[in-house]
Amino acid sequence: MSNEQNKEAALVTGAAIRLGKEIALGLAQAGYDIALHYNASVGPAEETAAEIRALGVDCLLFQQDLSDTAVLSAFISRVHEQMPHLAVLVNSASAYTQASIVDTTPEIWASQFDVNLTAPVFLTQAFAAQVGRGNVVNIIDNKIGFNQPQYAAYLLAKKGLAEFTQMASVELAPAVRVNGVAPGVILPAGSRTAEYIAWRVQGIPLQRQGDPAHIVQAVRYCLENEFVTGQILVVDGGESLTNTGQNAATFGNGQ
């Protein structure tokens, strides 16, 4: 990616903070120019952009409320116009509200689906139509391997995004490859305590918390392996493999 003639740009949504920022920085280190999307985090966005430019690549800032579905096509057009070498879309922006099925209001439902599913769908649609070739990587969640009603709307939206990833990979091939990365315990919410993290690690076969670098590596794999599409790379230390459920083999054995 270091050759100027072959340089490509990546649009990373939700790239001002947390995992989106780490992905944007990782792709910048790989030589991509960065279209840095943010919604309300203007200060952090400017700070992240400065870090990216210090790596020797271009970075342009793009503000957009992704819950406004009607303008998403125009948003991609704006990015593509300013960065005509756009070749990658990373749908990293996420909304997260903990609420069970019985506690989910229409407002919670809409907020979770608008950002976690509807926006990636229509951004991908616009990317395929306007850019016409390249890669889409959807950042999902290893929770799609579980049924956790405590996160009903969030998890249903992410499960929908996983299904969309596979469906879109079929329709948009061969010009656009679509893959997903499902992180596990990487950057928990700031409200999570050290005790909570230690408890979560007990359920991870590799017995450790992941690093943002592990997600960046997964995203880069999706971009660099040209024979991979429609795949969801779960990066969680094996956590999503540990739920065996009730079964006859363990009945009566105290399991």
Side-chain angles (χ1 to χ4, degrees), residues 7-28 32-53 57-96 107 109-140 154 157-158 160-162 164-165 167-169 171-172 175-181 219 222-223:
K7 180 175 279 193
E8 295 179 336
L11 167 59
V12 183
T13 67
I17 60 175
R18 293 178 57 78
L19 191 54
K21 172 183 177 177
E22 299 295 336
I23 293 170
L25 285 167
L27 293 182
Y32 288 88
D33 289 334
I34 302 298
L36 191 158
H37 160 265
Y38 69 99
N39 182 20
S41 302
V42 58
E46 292 172 344
E47 293 173 2
T48 299
E51 291 184 49
I52 290 171
R53 292 172 188 138
V57 301
D58 292 335
C59 180
L60 299 182
L61 295 173
F62 296 89
Q63 190 282 330
Q64 184 61 57
D65 178 0
L66 298 183
S67 67
D68 188 356
T69 309
V71 303
L72 295 183
S73 179
F75 170 65
I76 292 293
S77 179
R78 176 158 49 103
V79 175
H80 194 208
E81 180 178 348
Q82 295 187 52
M83 305 189 87
H85 52 315
L86 180 66
V88 173
L89 166 63
V90 180
N91 286 308
S92 176
S94 182
Y96 179 83
E107 292 75 19
W109 180 273
S111 70
Q112 300 302 286
F113 270 76
D114 284 350
V115 176
N116 295 322
L117 179 57
T118 304
V121 167
F122 286 97
L123 289 172
T124 299
Q125 179 193 71
F127 179 89
Q130 298 178 33
V131 179
R133 53 89 190 169
N135 283 275
V136 175
V137 181
N138 294 318
I139 306 302
I140 309 176
Y154 169 82
K158 288 293 190 178
L161 183 56
F164 169 74
T165 298
M167 185 180 294
S169 73
E171 178 174 344
L172 302 182
V176 177
R177 293 191 294 112
V178 185
N179 290 289
V181 174
V219 171
C222 292
L223 299 180

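Computed from a prediction, not measured in an experiment: that's the story for all the values here. Computed from heavy atoms alone, side chains included, the values below leave out hydrogens, waters and symmetry copies.
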>> Give me the atom names and distance for the closest heavy-atom approach of A126 to S73.
In response: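 Shortest heavy-atom separation between A126 and S73 comes out as CB-CA, 3.8 Å.
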> For R78, what residues pass the side-chain contact (heavy atoms from CB on, under 4.5 Å) criterion, not counting sequence neighbours?
Replying inline: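 Only F62, Q64, F75, Q82 meet the side-chain contact (heavy atoms from CB on, under 4.5 Å) criterion with R78.
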> Hey, does L117 have a side-chain heavy atom less than 4.5 Å from the side chain of V121?
Replying inline: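 Yes, close enough: below the 4.5 Å cut-off.
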> What are the two closest heavy atoms between A175 and G132, and how far apart are they?
Replying inline: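 So the two residues come closest at CB-O, 3.2 Å.
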> About how many Å separate OG of S67 and CG of N39, when rounded to the nearest 0.5 Å?
Replying inline: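 N39 CG to S67 OG: 7.0 Å, rounded to 0.5 Å.
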> What residues, two or more places apart in sequence or in another chain, satisfy side-chain contact (heavy atoms from CB on, under 4.5 Å) together with D58?
Replying inline: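 D58 satisfies side-chain contact (heavy atoms from CB on, under 4.5 Å) with D33 once adjacent residues are dropped.
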>> Pair L123, I76 - check side-chain contact (heavy atoms from CB on, under 4.5 Å), show working.
In response: CA-CA 7 Å; L123 289 172; I76 292 293; 3.9 Å; yes
> Which pairs with one or both residues in residues 87-96 pass salt bridge (charged side-chain N to carboxylate O under 4.0 Å, His left out), sequence neighbours excluded?
Replying inline: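 Matches after skipping sequence neighbours: none remain.
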> Out of curiosity, Q125 CD to E171 CD, how far, rounded to the nearest 0.5 Å?
Replying inline: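 Answer for the CD-CD pair, Q125 versus E171, is 9.0 Å.
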> Which distance, rounded to the nearest 0.5 Å, do you find between the CG of L161 and the CD1 of I139?
Replying inline: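 CD1 of I139 is found 9.0 Å from CG of L161.
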> In Å, rounded to the nearest 0.5 Å, how long is the span from CG of N91 to CG of N138?
Replying inline: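 Atom-to-atom, N91:CG and N138:CG are 5.0 Å apart.
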> Do NZ/NE/NH1/NH2 and the carboxylate oxygens of E8 and R133 come within less than 4.0 Å?
Replying inline: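 Salt bridge: yes.
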> For F127, what residues pass the ring-ring contact (aromatic ring centres under 6.0 Å, His included) criterion, not counting sequence neighbours?
Replying inline: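 ring-ring contact (aromatic ring centres under 6.0 Å, His included) list for F127, sorted by chain: empty.
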>> To check you understand the geometry: which heavy-atom pair defines the closest contact between Q63 and D65, and what is its length?
In response: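 Looks like NE2-N, 4.0 Å.
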> After noting the C-alpha distance and the side-chain angles of V79 and L86, does the key distance pass the side-chain contact (heavy atoms from CB on, under 4.5 Å) rule?
Replying inline: CA-CA 8 Å; V79 175; L86 180 66; 4.0 Å; yes
> So do V12 and L27 actually touch side chain to side chain, heavy atoms under 4.5 Å?
Replying inline: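 Of all side-chain heavy-atom pairs linking V12 with L27, at least one is under 4.5 Å.
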> Taking C-beta and beyond as the side chain, do Y154 and N116 meet within less than 4.5 Å on heavy atoms?
Replying inline: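 Result yes, sub-4.5 Å side-chain heavy-atom pair found.
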> What are the two closest non-hydrogen atoms of A93 and G14, and how far apart are they?
Replying inline: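 Looks like CB-N, 3.7 Å.
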>> Suppose we screen for side-chain contact (heavy atoms from CB on, under 4.5 Å). Which residues come up paired with C59, at least two apart in sequence or across chains?
In response: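 I34, L36, A49, I52, R53.
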>> Set out, in order, the CA-CA distance, both residues' side-chain angles and the distance that settles side-chain contact (heavy atoms from CB on, under 4.5 Å) for V181 and I140, then state yes or no.
In response: CA-CA 6 Å; V181 174; I140 309 176; over 6 Å; no
> If you take all heavy atoms of C222 and N179, which pair is closest and at what distance?
Replying inline: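 For C222 versus N179, the nearest heavy atoms are SG-CB, 3.7 Å.
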> What is the distance from atom NZ of K21 to atom OG1 of T48, rounded to the nearest 0.5 Å?
Replying inline: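 Nearest 0.5 Å value for the NZ-OG1 distance: 4.0 Å.
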> Once you round to the nearest 0.5 Å, how far does NZ of K158 lie from CZ of F164?
Replying inline: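 Between atom NZ of K158 and atom CZ of F164 there are 13.0 Å.
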> Stepwise, does the side-chain contact (heavy atoms from CB on, under 4.5 Å) test hold for V176 with V136?
Replying inline: CA-CA 7 Å; V176 177; V136 175; 4.0 Å; yes
> Does S92 reach the side chain of R18, with side-chain heavy atoms less than 4.5 Å apart?
Replying inline: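 S92 vs R18: side chains apart.
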> Within a strict 4.5 Å, meaning less than it, do heavy atoms of the D114 and L66 side chains meet?
Replying inline: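 With C-beta onward as the side chain, the pair stays apart.
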> Mind checking what makes side-chain contact (heavy atoms from CB on, under 4.5 Å) contact with E46, not counting sequence neighbours?
Replying inline: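 E46 satisfies side-chain contact (heavy atoms from CB on, under 4.5 Å) with V42, L61 once adjacent residues are dropped.
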>> How close do S169 and V178 get, counting heavy atoms only, and between which atoms?
In response: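 The answer is CB-O, 3.6 Å.
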